[in-house]
Visitor: 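I have a structure here, written as structure tokens, and I will follow up with some questions on it.
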Amino acid sequence: MMGRRTLRIPFMISQKTKYAIKALMALADEVAAGGNALTIEEIAQRSGAPKRFLEHIMLELRNAGYVGSRRGRAGGYVLIKRPKEISIGELLRQVDGPIAPLPCLSRRSYQRCEDCTDEATCRLRRMFGQVFWSYLLLIESLTLEDLVAEGGLPEMSAV
């Protein structure tokens with residue numbers, strides 16, 4: 001259907017989300033080291049994100065309440081939430097939008113699938129729902145603190 005806006009639900013996180021997570025990790029590392037605010041240049045250098053792109057991301061993170069900004073000589077960005085209070089699942093939704101593999105599985109952006117006649121008997125919904133539930137249990141339990149903790153998360157082989 002031309003002209004109708006459809007909900008796009010990614011299976012992979014975007015580059016924007018990767019940069020946002022890396023920027024928050026840089027700020028969390030700075031807090032853990034007893035440091036202060038980081039300039040956009042310092043965050044870009046530590047996260048590997050292009051400065052121009054990072055400026056927009058940091059504004060979104062500030063507006064979402066994850067970071068604050070300070071002006072002046074010692075200015076820059078600082079975490080205003082503790083790393084253990086920053087849910088990775090919530091961050092993914094904040095930056096990329098819904099994380100469900102099917103629109104009918106999204107809790108916050110539910111949409112009935114156009115080609116589905118009966119959700120109760122839909123085998124795709126049932127199968128992806130089971131996989132998605134397992135994913136949600138894991139992603140909702142992770143915080144920024146888990147990503148910056150000594151030793152980090154256990155390594156998993158690539159799928």
Side-chain angles (χ1 to χ4, degrees), residues 2-111 128 131-159:
M2 294 293 288
R4 182 171 182 199
R5 185 175 178 194
T6 57
L7 179 65
R8 182 182 114 43
I9 301 174
F11 282 97
M12 290 187 269
I13 65 170
S14 67
Q15 189 65 43
K16 180 180 176 183
T17 297
K18 285 174 69 175
Y19 288 150
I21 292 171
K22 288 180 177 186
L24 290 174
M25 289 172 63
L27 291 171
D29 287 341
E30 187 65 18
V31 168
N36 290 315
L38 293 178
T39 65
I40 197 78
E41 291 83 8
E42 291 169 321
I43 297 169
Q45 182 179 21
R46 295 179 189 192
S47 68
K51 180 184 169 196
R52 199 177 98 242
F53 196 34
L54 191 58
E55 288 171 342
H56 177 70
I57 292 169
M58 296 308 293
L59 180 62
E60 280 189 39
L61 293 175
R62 190 186 77 192
N63 291 341
Y66 293 110
V67 301
S69 57
R70 294 183 186 157
R71 294 183 186 260
R73 196 177 130 167
Y77 289 95
V78 294
L79 280 180
I80 58 174
K81 282 188 167 184
R82 295 183 312 193
K84 72 179 182 178
E85 296 171 345
I86 299 176
S87 161
I88 298 303
E90 191 56 41
L91 179 62
L92 291 176
R93 284 185 196 91
Q94 184 69 41
V95 178
D96 275 345
I99 59 176
L102 296 170
C104 63
L105 293 172
S106 178
R107 292 187 294 185
R108 296 189 184 158
S109 299
Y110 169 85
Q111 288 184 11
F128 277 103
V131 171
F132 182 54
W133 179 250
S134 297
Y135 171 77
L136 270 183
L137 286 175
L138 176 61
I139 206 72
E140 294 293 343
S141 71
L142 294 176
T143 65
L144 182 61
E145 182 177 63
D146 295 319
L147 295 178
V148 297
E150 187 69 35
L153 300 174
E155 289 294 318
M156 296 178 64
S157 59
V159 176

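From a predicted model like this one, the values you see are computed outputs, not experimental measurements.
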Visitor: Any chance you could lay out the side-chain contact (heavy atoms from CB on, under 4.5 Å) test for Tyr77 and Arg70, step after step, and finish with the verdict?
Guide: CA-CA 6 Å; Tyr77 289 95; Arg70 294 183 186 157; over 6 Å; no
Visitor: Under 4.5 Å between any side-chain heavy atoms of Val31 and Pro83, yes or no?
Guide: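 A side-chain contact under 4.5 Å is absent here.
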Visitor: For Glu85, I'd like to know if atom CD has over 12 heavy atoms of other residues, nucleotides or ligands within 6.0 Å.
Guide: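 It does: Glu85 CD has more than 12 such atoms within range.
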Visitor: Would you call Leu79 and Leu27 a side-chain contact if the rule is heavy atoms closer than 4.5 Å?
Guide: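 Answer yes - side chains close enough.
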Visitor: Measure the OG-CG distance between Ser69 and Leu59 for me, rounded to the nearest 0.5 Å.
Guide: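 It is 9.0 Å, given to the nearest 0.5 Å.
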Visitor: Would you name the heavy atoms of Ala23 and Met58 that are closest together and state the gap between them?
Guide: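 Scanning both residues, the minimum pair turns out to be CB-SD, 3.8 Å.
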Visitor: Apply the test side-chain contact (heavy atoms from CB on, under 4.5 Å) to residues Met25 and Ser47: give CA-CA distance (whole Å), side-chain angles for both, the deciding distance (0.1 Å), then the verdict.
Guide: CA-CA 8 Å; Met25 289 172 63; Ser47 68; over 6 Å; no
Visitor: Within the side chain of Asp96, is there an N or O that forms a donor-acceptor pair under 3.5 Å with the backbone of Thr17?
Guide: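 Side chain of Asp96 to backbone of Thr17: no pair is present.
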Visitor: Taking atom CD of Gln15 and atom CD1 of Ile57, what is their separation to the nearest 0.5 Å?
Guide: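 Answer rounded to 0.5 Å: 8.5 Å.
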Visitor: If you count the non-hydrogen atoms of other residues, nucleotides and ligands that lie under 6.0 Å from NZ in Lys18, is the total more than 12?
Guide: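 No - once you tally the heavy atoms of other residues, nucleotides and ligands closer than 6.0 Å, there are 12 at most.
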Visitor: Please report the C-alpha distance between Arg46 and Glu30 in whole Å, then the side-chain angles of each, then the deciding distance to 0.1 Å, and finally whether the salt bridge (Lys or Arg N to Asp or Glu O under 4.0 Å) criterion is met.
Guide: CA-CA 10 Å; Arg46 295 179 189 192; Glu30 187 65 18; 2.7 Å; yes
Visitor: First locate atom CG of Asp29, then atom NZ of Lys22, and finally report the distance between them rounded to the nearest 0.5 Å.
Guide: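 Result: 13.0 Å between the selected atoms.
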Visitor: If you look at every heavy atom in Tyr19 and Gly48, which pair is closest and at what distance?
Guide: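 That would be CE2-O, 3.8 Å.
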Visitor: Hey, mind stepping through Leu147 and Leu142 against side-chain contact (heavy atoms from CB on, under 4.5 Å) and telling me if it holds?
Guide: CA-CA 8 Å; Leu147 295 178; Leu142 294 176; 5.6 Å; no
Visitor: Evaluate the side-chain contact (heavy atoms from CB on, under 4.5 Å) criterion for residues Leu61 and Leu91: first the C-alpha distance (whole Å), next the side-chain angles of each, then the deciding distance (0.1 Å), finally the verdict.
Guide: CA-CA 9 Å; Leu61 293 175; Leu91 179 62; 3.8 Å; yes
Visitor: Atom CG of Leu38 and atom CD1 of Ile40: how far apart are they, to the nearest 0.5 Å?
Guide: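 Here the interatomic distance stands at 10.0 Å.
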Visitor: Would you say Arg93 and Pro98 make side-chain contact, with heavy atoms under 4.5 Å?
Guide: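 Contact flag for Arg93/Pro98 side chains = no.
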Visitor: Could you tell me whether a side-chain N or O of Glu140 sits under 3.5 Å from a main-chain N or O of Leu137, the two making a donor and an acceptor?
Guide: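 No, the answer is negative, given that no donor and acceptor are paired below the 3.5 Å cut-off.
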Visitor: Indicate yes or no: at least one non-hydrogen side-chain atom of Ile86 is less than 4.5 angstrom from one of Tyr66.
Guide: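 Of all side-chain heavy-atom pairs linking Tyr66 with Ile86, at least one is under 4.5 Å.
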Visitor: Which pair of heavy atoms, one from Ala28 and one from Leu144, lies closest together, and at what distance?
Guide: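 Taking Ala28 first and Leu144 second, the nearest heavy atoms are CB-CD2, 4.0 Å.
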Visitor: For the residue pair Val67 and Ile80, establish whether any side-chain heavy-atom pair is separated by less than 4.5 Å.
Guide: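 The answer is no, as the side chains (C-beta and beyond) never meet within the 4.5 Å cut-off.
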Visitor: Which heavy atom of Leu54 sits nearest to which heavy atom of Ala49, and what is that distance?
Guide: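 Closest approach of Leu54 to Ala49, heavy atoms only: CD1-CB, 4.0 Å.
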Visitor: Which distance, rounded to the nearest 0.5 Å, do you find between the CZ of Phe132 and the CD1 of Ile139?
Guide: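 So the CZ of Phe132 and the CD1 of Ile139 are separated by 10.0 Å.
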Visitor: Distance check, rounded to the nearest 0.5 Å: Asp146 atom CG versus Ser87 atom OG?
Guide: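 OG of Ser87 is found 10.0 Å from CG of Asp146.
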